[in-house]
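These notes are about the structure you will find just below.
Here the structure is a predicted model, which means the values were calculated and not measured. Each chain gets a letter, A, B and so on, in the order the sequences are listed, and its residues count up from 1.
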Amino acid sequence: MIFALVDCNNFYASCETLFQPKLQGRPVVVLSNNDGCVVARSAEAKALGIPMGEPWHKLKALARLHGIVPLSSNYALYGDMSARVMRLLSTFSPVQDVYSVDECFLDLTGAQPSPLECARTIRYEVKRQIGLPVCVGLGPTKTLAKLANHVAKKRPQYEGVFSWHGLPTAEIAALMTSFPVNEVWGVGSRLTARLNAIGISTVRDLQQAHPATIRKQFNVCLERTVRELNGELCFGLMTSPTERQQIFSSRSFGQLISDLSPLEESVAAYATRAAEKLRTQQLLTREVGVMLRTNPFRTDLPQYQRSVSIAIPPTDDTRLIAQAAIKLLRTIYRPGFAYQKTGILLTNLISIHNRQPDLFEDVVGLSRSQSLMTAVDSINRMMGRGTIKLLAEGTDQRWAMKAEKRSPRYTTRLDELPLATTG
DNA sequence: TCTGGGGTCCTAGGACCC
DNA sequence: TCTGGGGTCCTAGGACCC
């Protein structure tokens, strides 16, 4: 098997510069919701040493000094660009496993004239047809393909495409020794600390570790990773999209909130979002959960956090989900705290096609509910999200998050199309 | 003043069963 | 004094990913 991992370089930042060429060559950062943390950086911003996840307010001085351009995240734009990239990539292999918004695995086994040549074509065509830079890593397992992609990004001599295949053993060993163990897919900060403590600090160290010992001292996941580093297949491609197990919708507020009624509005709004996701994926939920919490960074304020859930008959009806959520919220709400976030969790999902009919169910009500939701979805799709919404979501939504620096939704909104200017 | 929003999988431990 | 053994299911929590 030869897997390819195709990953867009600095995806969000690249999408922004594609539509604003004047940003090219400048340090650009894309911020999370509420303009809170840095979630993407251009190459120039990375060169300034800005870490991923850094709170924006800590960077203001550095930003002034270097002319860093901050942008709010524009998920409509990124989602659309992602779909274009994935559609193009799907033409290069019969087997595509979309792993995240900006990366996917392809099975390039038997690609002509060779997997490596095919990978170079992929890189060239994505740039030519869509305008986004990607790197491609090739390997016999997903873990090695991920690592190869990292090599392709970090070592310019490979020009964005790297394969382990056919490399002399000594060269492979040298490369693996030159990368720290935390670059391995599945090794995060906690594991890195524990691995370092027992003398495993490079990728090469982990590759040479004894799988059974690793399993005993850590867990099966890490054991599989060690095996994959040695070319043994443990993680297969997800050829058909697996069914979601849960749907989450939550947001931090633009400001802290103490009163129950705006909290109820936010919960109703997130329930609406979650129910929309449910319907586009043709799923029903059988359990609704609500979470509520204060801002854990505000150590000067009293802290409170709770979540609760309840089983409900299978549904995708926004009204029923929102009703259940508001009821739950009232049971965990306590006055006297400054809340930062609420969220909705839908679990115990089933496919709409697998619903077990109930002998006593209200058949007429059910079909009315379905027609209503279909109508609401199509109106909101045509006229923009939120055209029709629950009154419970509130009309002014003072709790809504901040996104003050968002670029136009160039590719998905007619009124925000970029126009050529003359003269 | 200001710190994201989604997801996945695995494990340990408790409740409960016979 | 001495108090079974094996199984399933569920939940909370911890680790990871982008």
Side-chain angles (χ1 to χ4, degrees), chain A residues 5 7-12 29-41 50-61 63 70 72-75 78-79 82 97-105 142-143 146 149-150 181-195 215-216 218-225 234-236 238 241-256 266 270 273-274 277 281 287 289 291 293-301 305-309 311 338 340-349 401-405:
Chain A
L5 179 70
D7 190 317
C8 299
N9 303 353
N10 318 322
F11 181 56
Y12 294 173
V29 297
V30 179
L31 305 175
S32 65
N33 284 327
N34 278 319
D35 298 337
C37 311
V38 172
V39 292
R41 306 151 292 161
I50 299 170
M52 187 71 167
E54 184 78 349
W56 170 240
H57 68 91
K58 288 189 184 169
L59 287 172
K60 295 249 167 97
S72 302
S73 34
N74 183 344
Y75 294 108
Y78 313 147
S82 171
D97 176 357
V98 177
Y99 181 66
S100 76
V101 69
D102 75 325
E103 64 189 298
C104 82
F105 292 97
K142 282 174 134 182
T143 304
K146 276 285 261 191
N149 189 282
H150 187 71
V181 70
N182 62 300
E183 296 301 349
V184 175
W185 189 35
V187 179
S189 62
R190 307 291 174 103
L191 281 175
T192 299
R194 288 174 60 196
L195 286 166
R215 185 186 192 132
K216 215 182 298 171
F218 295 86
N219 53 44
V220 285
C221 306
L222 195 60
E223 181 200 6
R224 286 178 196 151
T225 297
C234 300
F235 307 130
M238 308 283 185
T242 53
E243 290 200 339
R244 285 249 164 289
Q245 318 216 351
Q246 51 179 239
I247 287 175
F248 222 94
S249 180
S250 86
R251 293 255 183 301
S252 302
F253 305 133
Q255 62 205 54
L256 299 178
S266 72
Y270 304 152
R273 278 286 295 133
K277 286 190 210 172
Q281 295 174 44
E287 188 174 350
M291 60 79 74
R293 71 155 212 226
T294 52
N295 183 346
F297 291 98
R298 292 292 299 267
T299 46
D300 54 323
L301 295 177
Q305 164 176 8
R306 247 186 103 178
S307 59
V308 63
S309 66
Q340 183 218 16
K341 186 189 232 178
T342 55
I344 294 288
L345 179 62
L346 304 181
T347 46
N348 225 329
L349 308 181
M401 65 181 191
K402 289 181 281 190
E404 289 162 356
K405 308 171 179 69

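Atom NZ in A:Lys60 sits about 11 Å away from atom P in B:dT3, given to the nearest Å. Residue A:Asn295 contributes atom CG, which lies 12 Å from atom C1' of B:dT1 at whole-angstrom precision. We find that CZ of A:Arg298 is positioned 8 Å from P of B:dT3, with the value rounded to whole Å.
Ring planes of A:Tyr270 and A:Phe253: parallel class, angle under 30° (limits at 30 and 60°). Between A:Tyr75 and A:Tyr12, the ring planes are perpendicular. Angles over 60° get that label, and only those under 30° would be called parallel.
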Distances under 3.5 Å between protein N/O atoms and the N/O atoms of nucleotides 15-18 of chain C, please, pair by pair.
| residue | atom | partner | partner atom | Å |
| --- | --- | --- | --- | --- |
| C:dA15 | OP2 | A:Arg190 | NH1 | 2.7 |
| C:dC16 | OP1 | A:Gly188 | N | 3.1 |
| C:dC16 | OP1 | A:Gly188 | O | 3.3 |
| C:dC16 | OP1 | A:Arg190 | N | 3.3 |
| C:dC16 | OP1 | A:Leu191 | N | 2.8 |
| C:dC17 | OP1 | A:Gly186 | N | 3.1 |
| C:dC17 | OP1 | A:Val187 | N | 3.4 |
| C:dC17 | OP1 | A:Val187 | O | 3.4 |
| C:dC18 | OP1 | A:Lys146 | NZ | 2.8 |
| C:dC18 | O3' | A:Ser100 | OG | 3.2 |
| C:dC18 | O3' | A:Asp102 | OD1 | 3.0 |
| C:dC18 | O3' | A:Glu103 | OE2 | 3.3 |

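With rounding to the nearest 0.5 angstrom, the CD atom of A:Glu103 is 10.5 Å from the OG atom of A:Ser82. Within the model, atoms CD of A:Glu183 and NZ of A:Lys146 stand 10.5 Å from one another, a figure rounded to the nearest 0.5 Å. One distance of note links CZ of A:Arg293 with OG1 of A:Thr342; it measures 10.5 Å at 0.5 Å rounding. The structure places CG of A:Asn219 at 9.0 Å from CZ of A:Arg224, a figure rounded to the nearest 0.5 Å.
When the C1' atom is compared between C:dC18 and B:dC2, the two are found 24 Å apart, to the nearest whole Å.
No donor-acceptor pair under 3.5 Å is formed between the side chain of A:Ser250 and the backbone N or O of A:Ile344. When atom types are taken as modelled, the side chain of A:Asn149 and the backbone of A:Leu5 share a donor-acceptor pair closer than 3.5 angstrom. Under the 3.5 Å distance criterion, the side-chain polar atoms of A:Asp35 are matched with a main-chain donor or acceptor of A:Glu404.
Residue-level contact check: A:Gln340 touches the backbone only, with heavy atoms under 4.0 Å from sugar-phosphate atoms and none from bases. Residue A:Asp35 is out of contact with every strand shown, counting any heavy-atom pair closer than 4.0 Å.
Side-chain contact between A:Lys277 and A:Leu346 is absent, with no heavy-atom pair separated by less than 4.5 Å.
Of the side-chain N and O atoms in A:Gln255, none sit less than 4.0 angstrom from OP1 or OP2 of B:dC2.
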- Query: According to the Watson-Crick and G-U wobble definition with distances under 3.5 Å, which dot-bracket string, read 5' to 3', encodes DNA chain C, using [ ] for crossing pairs and | for pairs with another strand?
  - Reply: ....||||||||||||||
- Task: Determine, for nucleotides 5-14 of chain B in 5'-to-3' order, which nucleotides have protein heavy atoms under 4.0 Å from the base (write B), from only the sugar-phosphate (write S), or from neither (write -).
- Result: SSSBSSS---
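Of all heavy-atom pairs spanning A:Trp185 and A:Tyr99, the tightest one is NE1-OH, 3.3 Å.
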